[in-house]
Number of protein chains: 2
Amino acid sequence: MSLRHKSTPARAEHAPLQLEHFLPYRLSILSNTISQTIADDYQSRHDLSVTEWRVMAVLARFEGLSAREVAERTAMDKVAVSRALARLVAAGRVDRTVHDNDKRRSVLKLSAAGWAIHDDVAPMARAREREVLAKLDAEERQWLERILDKLLA
Amino acid sequence: MSLRHKSTPARAEHAPLQLEHFLPYRLSILSNTISQTIADDYQSRHDLSVTEWRVMAVLARFEGLSAREVAERTAMDKVAVSRALARLVAAGRVDRTVHDNDKRRSVLKLSAAGWAIHDDVAPMARAREREVLAKLDAEERQWLERILDKLLA
DNA sequence: TGCAATTGGTTTCATTTGTAACTATAACGA
DNA sequence: TCGTTATAGTTACAAATGAAACCAATTGCA
């Protein structure tokens with residue numbers, strides 16, 4: 001039997017995972033790194049959380065959504081959306097009215113202040129995305145698109 | 001000027017992000033979905049959090065690491081590692097001793113109980129990874145590896 | 001109608017997480 | 001050798017998150 005040293009690579013009989021080659025782990029690191037880099041840009045400038053920004057981003061694209069529809073499109077749960085909206089409305093960044101034909105539903109739109117923030121943050125976010133993609137050549141970028149399409153389908 | 005309807009796709013002058021084509025967003029969805037699927041497997045069976053599992057996984061590969069080294073290898077911060085270790089040690093899944101030459105450092109190893117859990121969870125995690133990769137053909141898998149290598153470099 | 005079931009959304013409470021401060025040991029330099 | 005600085009790890013407190021209970025409006029249907 002061999003001597004055991006500090007941080008011995010563990011024994012074959014246990015078949016430990018190699019995190020550095022394990023897809024879920026690598027994706028998690030990559031995703032967190034990128035999201036955090038973008039968040040760093042706007043959190044200090046606008047006192048905006050990631051969930052709030054996501055809500056604003058979908059309201060920028062689809063005006064008049066209800067909270068539930070925002071939740072669908074952001075893949076966030078409705079409690080998180082409700083809380084983000086409470087802060088956004090309180091900060092005057094989102095206007096909330098009641099739906100004409102269904103008083104349970106809210107009708108959500110960015111306010112002028114909300115649009116101003118959006119128009120500041122969206123280009124920064126896009127620039128960060130470009131920075132990431134700049135590490136790849138055109139062929140790799142195409143494959144990445146295709147692969148993500150398949151994995152997310 | 002055109003009529004405005006419910007959830008109008010917002011105006012060109014604001015150039016809103018299209019989340020469904022925005023890389024950081026798509027990566028986040030993919031990563032969370034995969035990690036959660038794996039976590040569902042072991043959380044109920046072993047009452048194990050994601051952070052605890054990550055700590056166990058690196059200790060399976062590198063026996064005798066210190067808490068700081070675990071933090072490095074898991075890309076978690078030291079507080080998260082400290083808390084995960086507190087639970088793992090309390091549950092008898094990790095053995096913690098003090099380093100001979102530096103009394104600040106801990107020396108961490110999976111216990112027999114820890115190895116038993118590892119040997120149950122690791123194959124499940126690998127199986128889930130295979131399920132994900134099964135959505136891709138061999139060529140796509142090679143590109144994905146290459147792309148992740150570049151983006152994580 | 002009228003009443004049960006559903007839906008949109010909020011609140012409450014427990015747990016998790018992040019940040020900063022803290023303790024203890026070790027390393028470094030005058 | 002003493003005092004300063006750095007490092008390993010934990011603790012304390014605040015903020016974020018998740019699950020379940022909850023309220024109000026709507027729908028479905030006997």
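FYI, side chains are in, hydrogens and waters are out, and symmetry mates aren't considered; it's all heavy atoms of this structure. Proteins get letters first, then strands, A, B, ... in listed order; numbering begins at 1 in each.
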Q. Which whole-number value in Å describes the distance from A:D47 CG to D:dA16 C1'?
A. 14 Å

Q | Separation of atom CZ in A:R104 from atom C1' in C:dG8, rounded to whole Å | A | 6 Å

**Q.** Sugar-phosphate only, base, or nothing, as touched by B:S66 at under 4.0 Å among non-hydrogen atoms
**A.** sugar-phosphate

Q: Compare side-chain N and O positions of B:S106 against OP1 and OP2 of D:dG9 and report whether any pair is under 4.0 Å apart.
A: yes

Q | Nearest-nucleotide comparison on DNA chain D, the residue closer to the 5′ end among A:N101 and A:T51 | A | A:T51

Q) B:Q36 has an atom CD; how far is it from atom P of D:dT17, in whole Å? A) 15 Å

Q. Which value, rounded to the nearest 0.5 Å, describes the distance between B:I38 atom CD1 and B:E131 atom CD?
A. 9.0 Å

**Q.** Protein-nucleotide distance (A:R54, atom CZ; D:dA16, atom P), rounded to Å
**A.** 16 Å

Q.
In the structure I gave you, are the side-chain heavy atoms of B:D95 and B:V89 within less than 4.5 Å of one another anywhere?
A. no

(Q) So, OP1 or OP2 of C:dG8: does either fall under 4.0 Å of a side-chain N or O from A:R68? (A) yes

Q) Whole-Å distance between C:dT7 P and A:E72 CD? A) 12 Å

Q.
Could you tell me if the side chain of B:V55 sits less than 4.5 Å from the side chain of B:M76, heavy atoms only?
A. yes

**Q.** ILVMFWY network linking A:V79 to A:W53, side-chain heavy atoms under 4.5 angstrom
**A.** no

**Q.** B:K150 NZ: over 12 foreign heavy atoms closer than 6.0 Å
**A.** yes

Table please: side-chain donor-acceptor pairs of residues 117-125 of chain B below 3.5 Å, with sequence neighbours left out.
{"residue": "B:D119", "atom": "OD1", "partner": "A:H14", "partner atom": "ND1", "Å": "3.0"}
{"residue": "B:D119", "atom": "OD2", "partner": "A:H14", "partner atom": "ND1", "Å": "2.6"}
{"residue": "B:D120", "atom": "OD1", "partner": "B:R45", "partner atom": "NH2", "Å": "2.8"}
{"residue": "B:D120", "atom": "OD2", "partner": "B:R45", "partner atom": "NE", "Å": "3.2"}
{"residue": "B:D120", "atom": "OD2", "partner": "B:R45", "partner atom": "NH2", "Å": "2.8"}
{"residue": "B:D120", "atom": "OD2", "partner": "B:H46", "partner atom": "NE2", "Å": "2.5"}

Q. What's the CD-C1' distance between A:Q43 and C:dT19, to the nearest Å?
A. 13 Å

(Q) Using the side-chain heavy atoms of A:K103, tell me which of these nucleotides is nearest: C:dT10, D:dT26, C:dG9. (A) D:dT26

Q.
Could you tell me if the side chain of B:E139 sits less than 4.5 Å from the side chain of B:W143, heavy atoms only?
A. yes

Q: May I have the distance from A:D40 (atom CG) to C:dT19 (atom P), rounded to whole angstrom?
A: 10 Å

(Q) What is the separation between atom NE2 on B:H99 and atom P on C:dA27, rounded to the nearest whole Å? (A) 10 Å

Q) Taking DNA chain C as the partner, which of residues 75-88 of chain A come within under 4.0 angstrom of it by heavy atom? A) A:K78, A:V79, A:S82, A:R83

